[in-house]
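Accompanying notes for the structure given below.
Throughout, a chain's letter reflects where its sequence line sits, starting with A, and its residues are numbered from 1.
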Amino acid sequence: MTEREWAILDRLKEEYGDIGSGLRFNNPFELLIATILSAQSTDVRVNMVTEDLFKKYPTAAAFLSLNEESLSREIASIGLYRSKSKNILKTCQILVTEYGGEVPDDRSRLEALAGVGRKTANVVLCNAFHKPAFAVDTHVFRVTNRLGFANHSTVVGVEKQVTERIPEDLWCDAHHWFIWHGRGPCKARQPKCKACFLADLCEWSDKHKYQ
DNA sequence: AACTCGGGGCA
DNA sequence: TGCCCAGAGTT
């Protein structure tokens with residue numbers, strides 16, 4: 001970690017604070033399902049659906065009283081509801097039969113669930129179980145590359161570089177900061193470098209004259 | 001590592 | 001309306 005990188009993290013913390021994931025959840029199960037649902041969708045959309053859904057179906061066992069069609073209807077306002085309902089039912093089945101209805105707290109077991117890849121597993125590990133994990137989605141991928149915490153073209157490469165640089169106790173917070181920054185000024189197209197509070201510390205901003 | 005998949009978002 | 005794309009799964 002260079003002085004410049006510390007300064008960036010300081011400012012991110014100041015700006016975004018303990019803003020959290022944006023996904024509302026009360027327990028690991030809710031976070032797991034909400035995270036599966038959130039792929040290619042927005043937190044707002046997911047929260048609107050799950051607020052109601054988790055009241056009616058609070059556990060993996062309760063979800064199993066639904067079939068693919070009825071679950072699809074419940075989550076229809078979220079994208080990709082067909083594959084998501086299929087995956088969620090499969091995952092709930094595994095949770096009930098293998099883990100007594102609980103969500104496992106290690107990566108290999110999480111990634112063996114349906115609809116759960118590296119990113120979702122990392123999100124659950126760090127947010128639900130407070131284990132050291134750094135989830136890389138496209139926001140994180142783009143922002144860390146621009147800010148110089150990473151310089152790699154694959155998500156695995158970025159995860160490796162960032163976790164080697166940033167201290168472990170900041171991974172979970174930093175993940176949220178990068179996401180919120182990526183949704184804000186550091187968006188994919190036409191980023192607002194001129195108005196960005198990190199512009200003077202950002203090498204990428206130097207090279208790209210955006211408004 | 002490259003490709004597929006299904007549907008949302010944005011130009 | 002067509003292009004682009006995220007993230008999981010597959011090869």
Practice task
Identify the 5'-most and 3'-most nucleotides of DNA chain C with at least one atom closer than 4.0 Å to a non-hydrogen atom of chain A.
Solution key: C:dA6 to C:dG9
Got a sec: does the [atom1] of [X] have more than 12 other heavy atoms crowding it under 6.0 Å?
{"X": "A:M48", "atom1": "CE", "result": "no"}
{"X": "A:N151", "atom1": "CG", "result": "no"}
{"X": "A:R109", "atom1": "CZ", "result": "no"}
{"X": "A:F141", "atom1": "CZ", "result": "yes"}

Across the strands shown, which category fits [X] at heavy-atom distances under 4.0 angstrom: base, sugar-phosphate, nothing?
{"X": "A:T138", "answer": "sugar-phosphate"}
{"X": "A:D137", "answer": "sugar-phosphate"}
{"X": "A:A114", "answer": "sugar-phosphate"}
{"X": "A:R45", "answer": "sugar-phosphate"}

Problem - Sub-4.5 Å side-chain heavy-atom contact between A:V136 and A:H152 - result: no
Completion exercise
In the 5' to 3' direction, the nucleotides of DNA chain B bounding the stretch that comes under 4.0 Å of a heavy atom in chain A are B:dG6 to B:dC10
Fill in the blank from the handout: The residue, A:L113 or A:L80, whose nearest nucleotide of DNA chain C is more 5′ is A:L80
Problem - Qualifying residues under ring-ring contact (aromatic ring centres under 6.0 Å, His included), relative to A:F178, sequence neighbours excluded - result: A:F149
Handout entry: Mutual orientation of the aromatic rings belonging to A:F134 and A:H175 [parallel < 30°, tilted 30-60°, perpendicular > 60°]
Key = perpendicular
Handout entry: Closest-nucleotide 5' rank along DNA chain B - winner of A:R189 and A:H152
Key = A:H152
Completion exercise
Walking DNA chain B from its 5' end, the first of A:R82 and A:T154 to be reached, judged by nearest nucleotide, is A:T154
Exercise for the section: List in numerical order all residues of residues 116-123 of chain A for which some heavy atom is under 4.0 Å away from an atom belonging to DNA chain C. Expected result: A:V116, A:G117, A:R118, A:K119, A:T120
Problem - Heavy-atom closest pair, residues A:Y16 and A:P185 - result: OH-CD, 3.9 Å
Problem - disulfide bond (SG atoms under 2.5 Å apart): pairs with one or both residues in residues 86-133 of chain A, sequence neighbours excluded - result: A:C126-A:C172
List the atom pairs, donor and acceptor, that lie under 3.5 Å between side-chain atoms in residues 110-119 of chain A and the rest of the protein, sequence neighbours left out.
from   : atom 1 : to     : atom 2 : distance (Å)
A:R118 : NE     : A:E159 : OE1    : 2.8
A:R118 : NE     : A:E159 : OE2    : 3.4
A:R118 : NH2    : A:E159 : OE2    : 2.8

Exercise for the section: Decide, yes or no, whether a salt bridge links A:K13 with A:D173 under the criterion of side-chain N to carboxylate O below 4.0 Å. Expected result: no
